[in-house]
Structures are given as structure tokens and as C-alpha cells.
Amino acid sequence: MFFRSFLLAGLLLTTTAASLPAQAQTAAAARPLSQRMADAFISWHPDSIVIGNRKTARWDYEQGLMLKALERVWQRTGDARYFTYIQQDLDQFVRPDGSIRTYKLQDYNLDNLTTGHALLTLAQMSVPQAGKYRKAAEHLRQQLAEQPRTKAGGFWHKKVYPNQMWLDGLYMAEPFYAEYSQLFNQPVGFDDIAKQFALIEQHLRDPKTGLYYHGYDESRTQQWANKTTGQSANFWDRGLGWYAMALVDVLDYFPQNHPQRAMLVKSVQRLAPALVKYQDASTGTWALVLDQAARPGNYQEASGSSMFVYFLQKGVRLGYLEKQYATAARRGYEGLLKQFVAQENGALAFNGTVSVGGLGGKPYRDGSFEYYLTEPLRQNDLKGVGPFILASVEMETAAERAALGPGKRVALDNYFNHELRPSPFSGQPETWHYTWADRTHGGFWLWGQQLRDLGACTTMLPTAPTAASLKNVDVYIIVDPDTKKETPAPNFVRPADVAVLTKWVKAGGTLVLMANDTSNCEIPRFNTLARAFGIEFQPLNLNMVKGSQFEQGRVALPAGGPVFKTATSAYIKELAPLTVQAPAQPLVTQNGHVIMATARYGKGRVFAVGDPWLYNEYVDGRKIPASFENFQAARDLATWLLQPAGRK
């Protein structure tokens, strides 16, 4: 609770214009800082992202950075405004055939690949013309196939910078490359990605400090390059920040069993202590030229500091780093708030970001200490704003996770519900419909993200439940068991499954049962399991919504109840009501029908509802009116599921 209070009360704001009315000011301050900064960004760029002194918008890495930051805020809030901004921004560039306005593949500029993540996000969702985003991503992937390389196989940063690898390029290209390789099932891509990081480690890491030089020239011909090593002369904070973020983001997609994954994790673990060593003791932030903080003219810089906070806290969250590094992240974040976050005209502003940093070019940048100090600072520069939002999301989730204790393992059944389709990306069969990976309307991707943000490890259980398969599972969710309509040879619930699950719940497990309307769910055998806990799904359909008459699907949630602490209204259509007897108890009732129920059984518990109502279509904020609080209800349920149930 300390850090939550800090987020709300510890922010030192500098008001440079007339204040908002007190009520509006209080409401604004109650929102998370990630959301407030995202809203400020949208107010600066309401229609398109115009960078710096440019007159028009163009395909750009700062665009990609900001769209990722907005995506995380959308995932945290369920507010469709952020998704709409992402989609509308991309649609200014992506044509129906997948070509991208202002993008030139032949520039071979790694900076142009960063926005590829947003393309892949929309390509996986239920949106109009989703195929055009996939085609656009394929164009970017083609650039990587043709990108000029060093003799050792490293990507040139840009065609105009021959033989050069920069730290920046790892963030611009590799997370997109990794996500694309995962989605299109191209495992050879991960070998190439690992090579890029290995080359950076080989050529740019300084063994004395543990820091990384900004750039490497394989030819040793650039004026800025050391004639022996090819390295530039200094440790620039944002260059290393790009690299740090690339490391923890690439690992989101890297296969667990890939032989080079451990190398990447070790790189995270080597970098963290070096960063902490050069963290300023008084401010908590980092200097522009990292190892020369006391040198006259050097200063604490906002963008690199934000990136390091993000890197450290995400590394802790995902288990790559020991928990002690969360203390360094907290100190860094406090420093960001005190030094760089201000308030102007009732909205947040972000100061202290150096506008640019590079090597070579015209005018020539020699990579000296003096050069880095010549680049001007810019208020609300997106290279600082984006990482600050990402860092804020990490710190906000850390505060919430602390209240729930150690992370739980949440397994989603993929045995009783096992529908298959050809992947629109790889063409290979894949399971879908109520799965964690499915981002279309019928998937559980966003609910899974809520669980992961709260500290859970989400997995799929593709086999029948057994004592062995459930050994390390804390929460097991069964959704909409298949009929022969969905699957030619469905796996029905058997007496042996009931025996295993009742024993597992009695020992302390938490079981979630989500049926569906009677025409889409194998209810009779599913009921043999539900009845073991005093619950039965009735052969009746309620809330039969016609078209967009959403009010027909409204379900009132008791305010401040044992499960739904904050949400008061949900949208649930075409559901099967329940009958309950001991040990089950009604949780939500409406018009004489039990809509949801819970049961205590031994040391464990059960939650049941007659619909899979938390799939993306009705949680992501894009379809149903905001008066329905499905996103918050999903979060409430996730929080309840992750609370201790008595199982050790």
C-alpha cells in the first residue's frame, strides 16, 4: 500500500497555468499516471503523431514506441479510446493492399520496424481488414530478409550507416522480429535474433564497467570509431536504454526451450548491477553520459532513466532479476516524478529528454562527451514520454501484485474445449476460442493479460486433468466443453475427471466452471462435475439479446461483494442459469435466477457461471457501452482467483 500511496501523493507537480476546478483536479489525480500521461500525449497529437519540427506525420519509430505505450494503457484500463487511437493512426499509413505510406523498404532503416508490433496486434484481432495489417507486417519482415549485414551477420543500423551496429537498432528491430517469428512459426528467426544480441555483447560491452558503447563500426573507418575495437567513445544513456528494453521485450516471445534464451536472460542479469552502480545516489536517475555523472555539463536525463526503470521492474516481474532490483526501480521512478514530471494547463508534461543522439551523419557527430551535451532538451519528447508510460505501467502493476503475494499458476483447459482452425499466419492447425493466445473476439487474451499483470502465470492444459498435471496449478478453468458440433471427437467429462478434480479442489485448488447456452455447450456431462460441488447448469437460456439491444444482457453485480469488489454491472448474453445446493451458495441472482455461484469445498473453492462472458469482445471496451463494467468485473474475478484459497 505504501507505493500506491506514493503514486498518488508523492508526485511533485509544477503548475504553470490556471488550475482545473477542484473536483476535476481530484478526478484527474485519481487516475494512474500511465493513463494521465497517455491522455496528455493524445491532447498533444489528437489526429496524428508529428515528430519534432516536422510538418507532417510519417512512419517512424517514435510512432511505434507510443503505440506500444498506448496499447499497455488500453490493456490496463479497458478504455477503447486508446485502441481507437492506435487503429486510426495505423490506418493513416496502411493501405488495403498492405503497402505503407511514407515507408521505403530500400532505405533499409531499422528505425522503420518498430511500429511492426502494432501491425501484428491488429492483425490478430477482430477488426475490419485485419489482413492488411498482416500484409504490412510482411513488408517489414521482407526488409529484414534483405537488410545489409556486417561480415559477422549483424544488421546495419541503416543503409546510410554501412557496417555499423548501434544499440538503438536492437529495440527498433528485434522485438518485432521475435513476435513475427513466433506468430508465423518461423523458429529460425530466433537464431538470428540471438546472433544480433551476441554480436552486441561481443563488440559493445565494456567488461570493466558492464556498460555498452553506443555504436560499433566493423570497418573501423568512421571518425567516431576506435581504430582497434571499432567502438564509439562513450556510454550514452538512451542508447543503452533502447538495448535494455529490447532485451526484456524480446524475451516475451522467445521460446522457453530455445538454446539461446538463457544467454539473453544472463545478459539481463549482467546489465542490471551495472545500471544500479551508476544510478545517482541522490536523485535515483541516470546521467546522459552514464559513467561521467560528475563531469561539468553532464546532467540527469529523463528518457534513459525511464527506460532503465522499465527494464529493472519488468525484469523483476518476469523473474529474470532478483527482487532487490525492484528497490532500484522504485528509486528511479521516484526520481522521474520529482525531476521530470510537471503539470501544465491541467495535464501532465514531461521534461528533461534529450532530443537526439547519433553517430556520423551530416553535420558529423563524433560520439564525444562534448557532442552528446550539444543536443538540446525537448519537453514532451516522445522518446521520453513513451518509456515513462511503460515504466509507470510496470510500477503500477508492481503495487497491485504486492497485495496478492507470490504469483499463482492459472491453467486454462484445452482438452474439453479443443476447437481447431488453420492459423491465418502460419497456416498450421491451432486451438482457438476461449484460449489465452486468441486475440479475436472469442479469445481470452485480455483476461489473461489481466491475470498476468496481477502476477499469475497463465498456461494451457491440453490433456485430461490428472493429479500430475494439476500438481503445480493453483487455478484451473474449464470453459464451454465441446459438443460434436464444434469438434468431431470431443473429450467429454468422465467420472475419473470428476474424481481427480474433487480431490484437487478439496486439497486447496480453485476451480472455475463456465458453461454456455444450451446450443453451444456439452452441458449434461459437464453437470456431473458441477453437481459434485452443489451446482447444476439448467437447460435454459436467459438474456437472449437481439442485435445491439445491449440492455437485454445487463446483469447487476452486488456492490462490494465477496468477488466483485468494484464492478456493479456486467453484460452477459445467452447464459444458462444455475441451481445450487450445499455447499454452493448463490453469488449473483437476477429475476429469481442464479447467475453465478461459489462453493467452498475442503480447502478449495469453486466459481461457476453459465457463460464464458469474459472473452475479448465484451472486455476490451470496443463493443458494449461503457455502463457495462465487464473489464473491471474480469479484473475483480482475477483478483479473487489469485487470493489464497487455503492451498499450500
Side-chain angles (χ1 to χ4, degrees), residues 7 10-20 25 28-29 31-58 60-70 73 85 89 111 114 168 236-239 241-242 245 280 283-289 297-310 332-358 371-393 395:
L7 286 175
L11 175 57
L12 303 181
L13 295 174
T14 303
T15 304
T16 60
S19 297
L20 287 172
Q25 209 171 36
R31 289 177 297 137
L33 290 177
S34 59
Q35 187 176 5
R36 293 173 63 190
M37 191 63 80
D39 290 344
F41 159 76
I42 292 174
S43 73
W44 309 327
H45 302 273
D47 302 312
S48 58
I49 304 174
V50 179
I51 306 298
N53 297 322
R54 296 177 192 162
K55 302 298 183 184
T56 58
R58 73 184 190 196
D60 183 89
Y61 73 93
E62 294 185 50
Q63 168 200 28
L65 174 66
M66 288 308 308
L67 296 187
K68 178 168 184 177
L70 291 184
V73 175
Y85 189 98
D89 185 80
D111 289 352
T114 315
D168 319 31
W236 178 46
D237 74 322
R238 189 161 70 230
W242 289 127
M245 292 204 303
D280 186 78
T283 65
T285 52
W286 286 264
L288 178 76
V289 181
N298 205 358
Y299 57 88
Q300 301 296 301
E301 198 275 329
S303 65
S305 295
S306 297
M307 293 173 175
F308 297 148
V309 170
Y310 172 76
Y333 193 62
E334 291 171 357
L336 294 176
L337 301 185
K338 292 176 181 177
Q339 294 178 82
F340 305 123
V341 179
Q343 182 164 296
E344 296 184 357
N345 300 318
L348 293 188
F350 197 66
N351 299 317
T353 297
V354 66
S355 58
V356 70
Y371 155 68
Y372 287 109
L373 267 62
T374 64
E375 297 292 5
L377 296 174
R378 182 182 294 152
Q379 186 183 52
N380 298 333
D381 188 292
L382 304 187
K383 297 180 290 294
V385 172
F388 175 77
I389 293 173
L390 292 170
S392 295
V393 168
M395 301 309 293

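Residues Leu382 and Ile51 form a side-chain contact, since some pair of their non-hydrogen atoms from C-beta on lies under 4.5 Å apart. Side-chain atoms of Ser306 and Phe350, non-hydrogen and from C-beta on, do get closer than 4.5 Å to each other. Side chains of Leu33 and Met395 form no contact here, defined as non-hydrogen atoms less than 4.5 Å apart. Annotation: side chain of Arg54 is in contact with side chain of Asp60 (closest heavy-atom distance under 4.5 Å). Between Val341 and Leu348, the closest side-chain pair of non-hydrogen atoms falls below 4.5 Å.
In terms of modelled atom types and a separation under 3.5 Å, the side chain of Ser34 and the main chain of Val73 share no donor-acceptor contact. Of the possible donor and acceptor atoms, one in the side chain of Thr374 sits under 3.5 Å from a partner among the backbone N and O of Tyr371. Between the Asp111 side chain and the Tyr61 main chain, no donor and acceptor come within less than 3.5 Å of each other. Looking at Arg238, its side chain never comes within 3.5 Å of a backbone N or O of Lys383 through a donor-acceptor pair. Here the side chain of Gln63 pairs no donor or acceptor atom with the backbone of Ile49 at under 3.5 angstrom.
Below 30°, between 30° and 60°, or above 60°: for Phe308 and Trp286 the angle between ring planes is above 60°, a perpendicular geometry. Ring pair Trp44/Phe41 is perpendicular by interplanar angle, where above 60° counts as perpendicular and below 30° as parallel.
The six-membered or imidazole ring of Tyr310 lies away from that of Tyr333, with a centre-to-centre distance of 6.0 Å or more.
Looking at residues two or more places apart in sequence or on another chain, you find a side-chain contact (heavy atoms from CB on, under 4.5 Å) between Asp39 and Arg31, Gln35, Arg81, Tyr82.
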